[in-house]
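See structure below.
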Amino acid sequence: MKIGIDKIGFYVPHLYVDMNKLAKARNVDPEKYTIGIGQEKMAIAPITQDSVTLAANAALDILDDADKENIDFVIFGTETGVDNSKAAGIYVHHLLGLKPNVRTIEVKQACYGATAGIQMAKGHVALNPDSKVLVLASDIARYGLRTGGEATQGAGAVALVISRDPRIMELEDKSAFMTGEVMDFWRPVYSEYALVNGKLSNEKYLSFFEEIWQTFKTSTGLSIKDFTAICYHLPYTKMGLKALRTIYDEGTEADKERLLENLEYSKMYNKNVGNIYTGSLYLSLISLLEHQKDLEEGARIGLFSYGSGAVGEFFTGILQPNYQAHLNQKQHEEMLASRIEVTVAEYEKIFEMILPKDGSTVQLDTEADPAKIKLAGVSEHIRQYINNNRHKE
Ligand code: CAA
């Protein structure tokens with residue numbers, strides 16, 4: 001039985017800051033951000049968007065009634081959840097109006113969470129062939145103003161439907177993965193912002209990739225020539241190039257050119273959004289599929305997932321006949337084009353807006369946020385979400 005990605009879409013908040021302007025404000029050469037790091041725009045989440053609303057907005061755009069009928073498992077990958085106990089997916093389940101007989105959980109392992117969710121979804125569908133699983137990957141990446149990681153922030157969510165007879169990509173069974181104790185990036189429960197050892201995180205990302213790639217090749221017999229493209233977790237788009245460079249001489253010149261060309265397509269959305277943590281790899285996959293028009297049915301795509309801390313996995317997918325008909329490029333491009341640029345001063349102001357931590361009630365001004373689903377406030381320690389009909393949820 002073929003199991004894989006039947007639908008995939010993403011959502012980003014309506015605000016962004018230009019990386020050239022951020023660089024100037026930080027007295028940095030703009031080319032460090034645009035070339036050295038490889039980012040052009042950074043998505044900014046207003047206070048009316050959190051990881052729940054971003055995910056719900058992403059899912060809203062891809063689900064139809066048949067999906068709603070068959071989804072019996074919601075897996076929400078995030079490292080910037082809104083509650084230490086309750087799964088963020090339960091809010092999304094409610095906001096989307098899914099049926100009650102659904103399992104819902106939240107999965108955390110830094111940027112690897114959604115990959116764990118996808119593998120779990122695959123196992124669930126193998127046991128329950130008529131089921132569909134909604135996998136959500138949603139985060140707001142924050143290191144803090146004027147920190148080393150500031151240029152690699154971002155916000156957004158990817159939603160995927162995993163099912164049998166997938167219309168976009170069959171996920172192959174063999175994968176290689178590993179876990180290692182690494183303090184490269186973490187966020188203590190008391191901290192709003194991630195802590196990071198930037199240099200170590202780059203080194204570990206690459207050493208995990210190299211080791212996992214060797215294991216994958218040995219266990220599958222596949223090599224670089226078998227891949228039309230490889231998508232990477234992209235904390236910033238230069239990272240994908242750094243990883244590809246470690247292996248691209250294993251094949252012919254044509255293999256190298258093909259993989260480098262397709263890497264460019266796989267970065268297009270990410271360089272205009274920034275890091276969305278657990279959704280970044282899947283945003284890169286959407287970027288490749290929606291921009292590279294020459295990918296043929298049967299093409300094998302490699303996917304490298306890395307979650308600091310650290311867990312990494314390399315797995316593969318095969319493009320299905322007529323997969324292009326099930327993508328939403330027009331809608332995604334329109335969403336990105338309709339975003340509003342904020343100045344660095346406005347971004348700093350938005351960044352510093354936080355919800356009360358003492359249980360006091362707050363009602364947010366939701367008028368400026370064009371999203372269909374948004375956070376309207378907090379009352380008695382409970383987040384108040386609204387849907388597009390502006391009804392309280
Ligand atoms: N023109 C062109 N390029 C320039 C330049 C200029 N004027 N000035 C500098 N550069 C280049 C540098 O040569 C460097 O390129 P290479 O990496 O290819 O050598 C690049 O710009 C970045 O320069 P620095 O290393 O000096 O930058 P930095 O010290 O400010 O740190 C960072 C960069 C480590 C990515 C930092 O932004 C950070 O800590 N980010 C968060 C952590 C992160 O994203 N880690 C990635 C791996 S971990 C992971 O993937 C999980 C996750 O999502 C967090």
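Numbering of residues begins at 1 and proceeds along the displayed sequence. In each ligand, atom 1 is the first atom listed, and ligand 1 is the first ligand listed.
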Check your understanding: Between Lys238 and ligand 1, which residue portion shows a heavy-atom distance shorter than 4.0 Å: side chain, backbone, both, or neither?
Key -> side chain
Practice item. Classify the contact between Lys204 and ligand 1 as side chain, backbone, both or neither, using a heavy-atom distance cut-off of under 4.0 Å. Key: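 For Lys204, there is no contact with ligand 1 at all, from either part.
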Check your understanding: Are any non-hydrogen protein atoms located under 4.0 Å from atom 43 (C) of ligand 1?
Key -> yes
Check your understanding: Heavy-atom distance from atom 13 (O) of ligand 1 to the protein below 4.0 Å?
Key ->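 Under the 4.0 Å cut-off, atom 13 (O) of ligand 1 has no protein heavy-atom neighbours at all.
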Residue selection (non-hydrogen contact nearest [atom]) among [options]:
{"atom": "atom 11 (C) of ligand 1", "options": "Ala23, Gly36, Gly312", "value": "Gly36"}
{"atom": "atom 49 (C) of ligand 1", "options": "Phe208, Tyr306, Tyr277", "value": "Tyr306"}
{"atom": "atom 34 (C) of ligand 1", "options": "Gly198, Ala310, Gly38", "value": "Gly198"}
{"atom": "atom 38 (C) of ligand 1", "options": "Ser201, Ala243, Gly154, Gly149", "value": "Gly149"}

Answer yes when [X] and [Y] have at least one side-chain N-carboxylate O distance shorter than 4.0 Å, and no when they do not.
{"X": "Lys122", "Y": "Asp173", "value": "yes"}
{"X": "Lys204", "Y": "Asp184", "value": "no"}
{"X": "Asp255", "Y": "Arg258", "value": "yes"}
{"X": "Glu297", "Y": "Arg167", "value": "no"}
{"X": "Arg164", "Y": "Asp130", "value": "yes"}
{"X": "Arg187", "Y": "Glu79", "value": "no"}

Can an N or O of [X] be found at a distance shorter than 3.5 Å from an N or O of ligand 1?
{"X": "Lys242", "result": "yes"}
{"X": "Asp184", "result": "no"}
{"X": "Tyr236", "result": "no"}

Taking only heavy atoms of [X], which atoms of ligand 1 are found under 4.0 Å from at least one of them?
{"X": "Ser308", "result": "48 (S), 49 (C), 51 (C)"}
{"X": "Tyr143", "result": "41 (C), 42 (C), 54 (C)"}
{"X": "Asp29", "result": "6 (C), 7 (N)"}
{"X": "Asn202", "result": "34 (C), 45 (N), 46 (C), 47 (C)"}
{"X": "Phe185", "result": "54 (C)"}
{"X": "Tyr205", "result": "50 (O)"}
{"X": "Gly148", "result": "36 (C), 37 (O), 38 (C)"}

Answer whether the closest heavy-atom distance between the side chains of [X] and [Y] falls below 4.5 Å.
{"X": "Ile286", "Y": "His332", "answer": "yes"}
{"X": "Tyr269", "Y": "His291", "answer": "yes"}
{"X": "Glu296", "Y": "Leu319", "answer": "no"}

Is there a path of hydrophobic side-chain contacts, each under 4.5 Å between heavy atoms of I, L, V, M, F, W or Y residues, that connects [X] with [Y]?
{"X": "Val102", "Y": "Val133", "answer": "no"}
{"X": "Leu303", "Y": "Leu327", "answer": "yes"}
{"X": "Leu336", "Y": "Met19", "answer": "no"}

Check your understanding: For Glu150, is the nearest heavy atom under 4.0 Å from an atom of ligand 1?
Key ->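 Checking ligand 1 against Glu150, which is what was asked, there is no heavy-atom contact under 4.0 Å.
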Check your understanding: Quick one: does Cys111 get a heavy atom under 4.0 Å from ligand 1?
Key ->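 Under 4.0 Å: yes for Cys111.
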Where is the nearest protein heavy atom to [atom]: which residue, which atom, and how far?
{"atom": "atom 41 (C) of ligand 1", "value": "Thr152 OG1, 3.3 Å"}
{"atom": "atom 33 (C) of ligand 1", "value": "Ile37 CD1, 4.3 Å"}
{"atom": "atom 30 (O) of ligand 1", "value": "Lys32 NZ, 2.7 Å"}
{"atom": "atom 53 (O) of ligand 1", "value": "His233 NE2, 2.8 Å"}
{"atom": "atom 2 (C) of ligand 1", "value": "Glu31 O, 3.4 Å"}

Practice item. Answer yes or no on whether Arg142 is positioned over the face of Phe351, meaning its NZ or CZ is under 6.0 Å from the six-membered ring centre and within 45° of the axis. Key: yes
Check your understanding: Does the ring of Phe209 carry Lys242 above it, NZ/CZ under 6.0 angstrom from centre and within 45° of its axis?
Key ->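 Pair Lys242/Phe209 does not count as cation-pi.
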Check your understanding: Hey, do the aromatic rings of Tyr143 and Tyr193 have their centres closer than 6.0 Å?
Key ->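 Centroid separation for Tyr143 and Tyr193: 6.0 Å or greater.
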